[in-house]
Q: 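Okay, handing you the structure first.
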Amino acid sequence: MIDVLLTQTINGLMLGMIYVLVAVGLSITFGMLGIINFAHGAFFALGAYIGLLFFRTFGWWAIWLAPLVVGGIGMALEKVLISKLYGREPLISLVVTFALGLLIEAILRWVFGPAGQPFATPKFLAGVIEYGPILITKYRFAVLLCSVVIVVGLWLFLTYTSYGHVLQAGSKDPEMVEMLGIDFPLVQTLVFGLGCTLAAAAGVLAAPIWAVIPSMGASAIMPAFVIVAIGGLGSFSGAVVSGLLVGVVTTLTVQFKPEAATAAMYVLMFLVLLFFPRGILGKSWERVE
Amino acid sequence: MTKRFETTHASRSKTAPAGLTRRQFNAGLLGAAASAPLLGGVAQAQSDPVKIGIVLDKQGNNAVISQGLMRGTTIAFEQAKNTLLGRPIEYTWLDEPNPQVGQQNMQKLISENKVSLIMGGAISSTAMAMAATAKRTKVPTILNNAAAAEVTGKDCTRYSFRVPPTVEVQVRAIAPYMAEIGKKWYSITPAYAFGQDALRCAKIVAKEQGATIVGIDEVPGDTTDFSSYILKIRAARPDVLFSSLVGNDLVNFLKQWNELGMRDRAVIAGVAVSDTSFWDAGAANTVGIYAKPWHYTDPKNNAEEKRFIEAYRAKNNAPPSEKAWMGWFAAKSVLESVEAAKSLENVAIVTALEKWSYDDNGIKVHYRSWDHQMIRPIVILRAKKSITDSHDFFDIISRYPEQQDQVEKLYGTQAEIGCNIGEL
């Protein structure tokens with residue numbers, strides 16, 4: 001039984017890292033812009049589709065351009081649409097981004113059709129690594145490495161660079177940041193683009209093991225919201241901790257009560273919010289409280 | 001007329017005075033003008049379109065199923081030259097985002113659009129709601145995709161007809177092939193009514209075949225990550241993995257089954273599958289044996305089916321899935337029945353559908369009179385060892401069963417089905 005628990009726990013951490021990548025982008029967008037981005041899942045899907053296009057056109061090496069392209073699309077959308085939502089009721093941003101998500105999904109369906117697109121794992125990452133009872137696929141191990149590099153890189157950027165300090169200060173007091181002569185609207189555009197880039201990176205990584213369909217974002221957005229709620233709205237470290245927690249709880253539920261696997265994360269969220277209403281590492285947010 | 005979420009398509013015969021002299025044409029025109037007041041009513045009735053309502057998903061995960069069904073349906077219309085009883089066919093397609101809206105849209109088609117018959121019901125829950133509406137409104141309704149047993153079981157009606165085989169029929173058809181592979185089975189099914197139905201059948205046939213089910217997993221719908229389930233299956237070391245996963249769940253499962261190095265460790269035996277799931281998962285991830293109502297490479301496909309495949313390929317640049325075939329075959333059965341009835345009157349259409357039959361390699365395909373389930377053999381397929389084509393993934397093992405009495409038996413007895421179909 002110990003073997004089984006160990007295997008499923010490690011598998012849960014791997015799954016959790018994909019969730020973390022989606023949730024961190026969502027958390028940053030909320031934490032720094034105050035926008036509840038319901039279109040986040042659509043950017044996840046957009047990343048998968050653009051990654052697929054790049055793969056078909058140029059090969060595997062080019063798929064990493066997809067998150068950058070999606071980040072650029074996100075910045076353009078921020079300029080023309082999202083920027084109009086700053087300082088407004090959170091409900092408005094929720095409705096507008098929900099509509100934006102539907103629009104992106106409809107465009108994907110229009111361009112690529114409702115059927116899924118075949119996208120297999122690369123041959124150079126085929127196979128599994130077995131160590132005693134532990135089994136990890138080479139692809140998931142690569143996903144884990146990519147996710148760790150992105151998350152750690154982001155943390156270093158936010159913590160140790162002056163630009164990161166500006167972002168964090170702006171999330172608390174944007175007027176003060178502007179008074180210091182910093183072009184804060186540009187900062188906001190870049191932050192939204194960063195959130196979209198992270199969603200798209202998760203989409204690219206998930207595409208070879210998930211169905212690539214226009215509505216694939218819906219499968220990512222709900223766990224992401226649950227993770228952000230458990231970790232604490234706007235908390236970077238909270239999103240990481242809760243993403244891993246949700247991954248492990250889900251896989252252990254599969255082992256013992258498989259039919260409840262999807263419900264497990266919602267039960268976890270209920271229990272966490274019962275004792276920590278702002279999430280595990282959440283802080284007070286004047287914008288929404 | 002085009003509205004949001006409503007699409008009406010009309011096709012009327014166009015006649016041109018080609019080959020006539022000017023005098024003949026003018027004389028004809030004069031005669032027609034003179035008789036117009038007398039014949040106006042008749043002429044109008046003859047040119048009035050035959051209205052057909054369609055209720056199928058236009059968005060969401062089931063849109064791909066509807067796409068196949070609609071493509072097949074429109075080919076049947078085109079093969080009939082878009083006419084029925086000498087009148088143009090006009091069909092209106094409304095959405096079925098959920099059973100309630102699907103039922104409302106069916107009602108709208110009947111009361112506002114005045115359709116003579118309905119086709120659709122991509123998901124079983126909508127199909128059951130539509131069958132109830134068919135019973136109440138007495139409008140003939142062909143359910144071209146629903147596989148839930150209740151549709152022709154306890155919820156059967158005299159005015160609804162179902163094309164695809166039930167899950168139980170498919171499980172019974174594939175069971176002997178599963179037993180040939182091994183007697184140690186593992187079951188993975190969706191954790192909702194359809195999956196529970198499949199699991200119940202799997203347990204019954206496992207007993208009949210002397211097999212043991214060493215593990216059971218019921219999976220919530222829209223599961224994206226199956227790695228934990230696959231690790232459990234790997235630990236249980238079954239010979240055969242019985243699966244009734246469908247749609248995106250099946251795509252995700254196949255991708256991860258291959259990713260976790262399982263393709264040679266156990267044989268997947270699946271029911272209720274669609275070609276589109278395999279095409280989505282890709283050739284590299286397609287393994288296993290499956291039961292399906294029809295397959296485009298089946299050598300037993302007859303001349304009519306071959307013409308359908310050809311027409312579909314010409315129009316869509318890809319072979320038809322079994323969904324497209326179901327759309328085509330359902331529409332074909334309706335069009336032929338209406339022509340046989342020579343009437344759009346509901347009782348006449350139902351009676352004609354009950355009498356309709358189709359010779360398929362010596363097997364009489366028909367809607368069974370006491371539950372309106374279409375009776376037809378099942379195709380058993382095995383994924384090719386080496387797939388080189390972007391669509392041709394399977395070898396045909398057999399059409400099962402091969403005798404008429406066995407086919408009838410496969411679909412269950414009246415006592416087993418529990419349908420009380422009622423009067424016209």
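This is a predicted model, so every value here is computed, not measured. Below, chains carry the letters A, B, ... as their sequence lines are ordered, and counting in each starts from 1.
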Q: Please flag which part of Pro208(A) lies under 4.5 Å from any non-hydrogen atom of chain B: side chain, backbone, both or neither.
A: backbone
Q: Compare all side-chain heavy atoms of Val212(A) with those of Lys255(B) and state whether any distance is below 4.5 angstrom.
A: yes
Q: As an exercise, state the distance from CZ of Arg140(A) to CG of Asp225(B), rounded to the nearest 0.5 Å.
A: 4.5 Å
Q: Under a 4.5 Å heavy-atom cutoff, which of Leu125(A), Leu135(A), Thr7(A), Ile136(A) has the most pairs with chain B?
A: Leu135(A)
Q: How long is the span from the CG atom in Leu231(B) to the OG1 atom in Thr251(A), to the nearest 0.5 Å?
A: 9.0 Å
Q: If we define contacts as heavy-atom pairs under 4.5 Å, which of Pro258(A), Gly116(A), Ala211(A) has the most with chain B?
A: Pro258(A)
Q: Measure distances from Asp217(B) to the heavy atoms of chain A and classify the residue's part below 4.5 Å as side chain, backbone, both or neither.
A: both
Q: Kindly determine whether Gln196(B) and Glu259(A) satisfy side-chain contact (heavy atoms from CB on, under 4.5 Å), including the steps that lead there.
A: CA-CA 11 Å; Gln196(B) 285 157 356; Glu259(A) 59 274 28; over 6 Å; no
Q: Could you tell me the separation between the CG atom of Asn285(B) and the OG1 atom of Thr121(A), rounded to the nearest 0.5 Å?
A: 6.5 Å
Q: So how far is it from Tyr229(B) OH to Gln255(A) CD, rounded to the nearest 0.5 Å?
A: 11.0 Å
Q: Contact between Ser227(B) and Met14(A) at the side-chain level, heavy atoms closer than 4.5 Å - yes or no?
A: no
Q: Any donor-acceptor pair under 3.5 Å linking the side chain of Lys232(B) with the backbone of Phe256(A)?
A: no
Q: Checking Ala63(B) against chain A: side chain, backbone, both or neither under 4.5 Å from a heavy atom?
A: both
Q: Are side-chain N/O atoms of Thr137(A) and Glu259(B) paired as donor and acceptor at under 3.5 Å?
A: yes
Q: Can you tell which part of Ala115(A) gets under 4.5 Å to a heavy atom of chain B, answering side chain, backbone, both or neither?
A: both
Q: Quick one: pull up CG in Leu15(A) and OG1 in Thr224(B) and give me the separation to the nearest 0.5 Å.
A: 7.0 Å
Q: So, taking the atom named CG in Asp280(B) and the one named CZ in Phe119(A), what distance separates them when rounded to the nearest 0.5 Å?
A: 14.0 Å
Q: Between Ile213(A) and chain B, with a heavy-atom cut-off of 4.5 Å, which part of the residue counts as in contact: side chain, backbone, both or neither?
A: side chain
Q: Measuring only between side-chain heavy atoms, which start at C-beta, is Arg109(A) closer than 4.5 Å to Lys58(B)?
A: no
Q: Hey, could you give me each pair passing ring pair (Phe, Tyr, Trp, His ring centres under 6.0 Å) that has a residue in residues 55-74 of chain B? Not counting sequence neighbours.
A: none
Q: Going by residue number, which parts of residues 244-251 of chain B are within reach of chain A, meaning a heavy-atom gap below 4.5 Å?
A: Asn248(B), Val251(B)
